[in-house]
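Read the structure below first, then the notes.
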Amino acid sequence: MLKNFIEELKWRGLLHDVMPGTEELLLKESVSGYVGFDPTAKSLTIGNLVTVMLLVHFQKSGHKPIALVGGATGMIGDPSFKNEERKFLSDEDVRFNMECIKKQLEHFLDFDENNANNAEIVNNYDWFKDISFLQFLRDVGKHLTINYMCAKDSVKKRLESGLSFTEFSYQLLQGYDFYHLNKTKNIKIQMGGSDQWGNITSGTELIRRKSGNEAYALTCPLLTKSDGTKFGKSEGQNIWLDPDLTSPYKFYQFWLNSSDEEALKNIKIFTTFEREHIENLEKEHLENPHLRILQKELAKDITCRVHSVDDYNQAIEASELLFGKGTFESLSRLNEKTIINIFEGVPQSIITRDIIENSINIVDFLVDKTNVFPSKGEARRMIKSNAVSINKNRTEEDKIVNKDDLINNKYIIVQKGKKNYHLVICE
RNA sequence: GGGGGGAUACCAGAGCGGUCAAAUGGGACAGACUGUAAAUCUGUUGGCGAUGCCUUCGGAGGUUCGAAUCCUCCUCCCCCCA
């Protein structure tokens with residue numbers, strides 16, 4: 001009943017590094033393993049989703065996944081591969097973020113206590129809050145040398161530019177987490193992104209020295225886009241799991257917009273589809289690339305899981321209208337409720353009715369009244385390069401906007417380029 | 001402590017008294033082509049009431065008809081010698 005977890009990660013492209021003996025252990029018995037999440041924001045991003053998927057597959061392979069939310073470590077800040085010292089988060093922020101993240105994790109893992117390998121969430125603040133500084137230095141600090149700690153790639157960069165004692169200590173805290181979980185919950189393996197390798201091995205080392213137990217580690221690659229830039233951002237914006245921060249429509253669009261190469265890579269990483277199923281999808285895709293099957297399946301699966309089937313359907317409906325054969329006529333036929341649904345999550349501005357009644361030049365409309373563009377120069381440039389549409393019709397610089405442009409006597413749909421919409425509501 | 005080099009638009013980096021709103025490359029955005037893909041090609045990348053005006057070249061002053069460019073002071077970075 002145990003599946004080969006390592007094998008699974010391998011073909012999915014989710015394995016970067018693994019400690020010797022890990023595979024044997026995982027095949028021999030059902031093991032508890034954990035991944036840590038820092039509560040630096042009130043929501044996880046799709047970047048964090050990669051390590052969430054490690055836990056998901058871990059559980060599916062018959063092991064017991066633990067998500068650690070770093071209530072304590074979040075107050076310190078991980079220096080790994082960062083360029084500079086980070087700001088502290090306030091106590092309340094950490095606690096608030098932690099609660100939010102906890103709820104998000106519950107979407108992915110099975111917490112049903114009737115199952116032997118049900119998921120659990122732990123918070124390292126619970127065991128750190130009662131440890132005194134002196135006690136920590138005696139119990140933990142004594143076991144790892146500065147030389148060992150400095151040798152980590154993750155801190156090397158910062159040794160040149162400066163690193164506070166606080167952040168330097170981070171790996172001890174994370175190492176102690178692992179030790180504590182190993183001792184109290186018999187957790188034998190820690191997983192994470194490849195940037196965490198240094199911190200994780202501090203943990204296995206600490207365990208070995210303090211208790212003589214064997215502990216294991218495994219990391220997944222950090223995702224980058226095929227052009228090498230950071231994954232998970234759209235126009236410089238993070239893609240969040242929280243629908244208030246990234247609307248389901250935008251979320252869906254993000255995945256749908258993947259290039260072929262990325263879609264193939266990501267469908268393995270972010271879905272739980274079986275290997276054979278993915279290979280079939282890939283084959284279909286190659287036969288009919290214009291149908292974008294990989295992108296659609298990928299976007300569908302993730303959107304449904306992170307948000308809901310309803311959100312997905314709505315995103316589809318919106319996408320079809322906005323990118324399909326939408327015309328001024330078809331848009332005019334929509335009722336108000338549909339419009340509101342479709343444009344949920346699309347930037348909007350509200351203007352007063354007299355502006356339209358009195359007619360207004362397109363540039364003033366787009367800059368002064370609605371902030372579609374930050375400056376008139378840019379608005380004119382965009383219009384000149386054929387990038388601006390009003391209600392699906394290309395517009396000219398001398399266009400006057402008046403009440404004939406209102407859809408449903410209330411809405412104007414502005415398009416900047418092919419993909420960016422802006423809804424103007426006239427009240 | 002002594003000596004030297006530097007800070008320019010999102011980033012890298014030229015310019016070293018007027019012709020500089022500032023070369024070039026990257027990034028970003030847009031257009032064409034397409035499949036809401038990739039590649040490619042093209043355009044844009046300080047603001048405005050726009051053949052002109054205003055604000056920008058680390059900060060503050062000064063010289064000059066005129067300064068990113070010269071001088072003084074300050075802040076921060078890098079290198080070399082002790």
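Chain identifiers are assigned alphabetically (A, B, ...) following the order of the sequence lines, protein sequences preceding nucleic acid strands; residue numbering begins at 1 within each chain.
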Identify the residue among A:F251, A:W240, A:Y312 that makes a ring pair (Phe, Tyr, Trp, His ring centres under 6.0 Å) with A:H307.
A:F251
Quantified in whole Å, what is the P atom distance between nucleotide B:A23 and nucleotide B:C11?
16 Å
Is any side-chain N or O of A:N420 closer than 4.0 Å to OP1 or OP2 of B:A30?
yes
Which nucleotide wins on minimum distance to the side chain of A:K419, given the candidates B:U36, B:G31, B:C29?
B:U36
Taking protein heavy atoms under 4.0 Å as touching, what does nucleotides 43-50 of chain B look like 5' to 3' if B marks base contact, S marks sugar-phosphate-only contact and - marks none?
-SS-SSSB
For salt bridge (charged side-chain N to carboxylate O under 4.0 Å, His left out), just list the numbers for A:K64 and A:E120, CA-CA rounded to whole Å, side-chain angles, deciding distance to a tenth of an Å, and then say yes or no.
CA-CA 8 Å; A:K64 184 177 171 72; A:E120 285 180 37; 2.9 Å; yes
Nearest-Å distance once atom C1' is located in both B:C33 and B:G6:
46 Å
Minimum heavy-atom distance between A:S202 and A:L144, given as atom pair plus value
O-CD1, 3.9 Å
Kindly compute the distance separating NZ (A:K103) from CG (A:D242), expressed to the nearest 0.5 Å.
10.5 Å
What distance, rounded to whole Å, do you find between the two P atoms, one in B:U56 and one in B:G62?
15 Å
The single option from A:L173, A:V69, A:L68 that satisfies side chain to side chain contact (heavy atoms under 4.5 Å, CB included) with A:N124 is A:L68
Could you state the CG-P distance from A:L281 to B:A37, rounded to the nearest angstrom?
20 Å
Between atom CG in A:L298 and atom C1' in B:U36, what is the gap in whole Å?
14 Å
Minimum-distance nucleotide (side-chain atoms of A:F323 versus B:U36, B:A30, B:G35)
B:U36
Rounding to an integer number of angstrom, what distance separates B:U8 and B:C20 when you compare their C1' atoms?
12 Å
Tell me: NZ of A:K416 to P of B:A28, nearest whole Å?
14 Å
Where does RNA chain B pair, written as one dot-bracket string 5' to 3', with Watson-Crick or G-U pairs under 3.5 Å, ( ) inside the strand, [ ] for crossing pairs and | for another strand?
((((((((.[[[..)..(.....]]]((((((.......))))))(((...)))...[[[[[..)....]]]]]))))))).
Looking just at side-chain N and O atoms, do A:N341 and A:T338 make a donor-acceptor pair shorter than 3.5 Å?
no
Taking atom P in both B:U19 and B:A67, compute the distance separating them and give it to the nearest angstrom.
11 Å
Under 30°, 30 to 60°, or over 60°: which ring-plane class applies to A:Y179 and A:Y176, parallel, tilted or perpendicular?
tilted
How far, in whole Å, is B:A68 from B:C57 if one measures between their P atoms?
8 Å
In whole Å, what is the span from the CZ atom of A:R394 to the P atom of B:A30?
12 Å
Look at A:K418 and B:A37 and indicate whether a side-chain polar atom (N or O) is within less than 4.0 Å of OP1 or OP2.
no
C1' gap between B:A9 and B:A14, integer Å
13 Å
What is the distance from NZ of A:K250 to C1' of B:U36, rounded to the nearest Å?
15 Å
Spell out yes or no: do the side chain of A:Q295 and the base of B:U36 have one donor N/O and one acceptor N/O closer than 3.5 Å?
no
Distance, rounded to the nearest Å, where A:L264 contributes CG and B:G35 contributes P
20 Å
Could you give the distance separating B:C16 and B:A28 at their C1' atoms, to the nearest angstrom?
30 Å
Between atom CD of A:Q190 and atom CG of A:N199, what is the distance when rounded to the nearest 0.5 Å?
8.0 Å
Length of the CG-C1' vector between A:D260 and B:A38, whole Å
7 Å
Contact class for A:N386 (heavy atom, under 4.0 Å): base, sugar-phosphate, or nothing?
sugar-phosphate
OH of A:Y411 to CG of A:L423, rounded to nearest 0.5 Å, is 7.0 Å
Is the closest basic N to carboxylate O distance between A:E261 and A:K265 below 4.0 Å?
no
A:Q415 has an atom CD; how far is it from atom P of B:A30, in whole Å?
11 Å
Looking only at non-hydrogen atoms, find the nearest pair between A:L2 and A:L26 and report the distance.
CD1-O, 3.5 Å
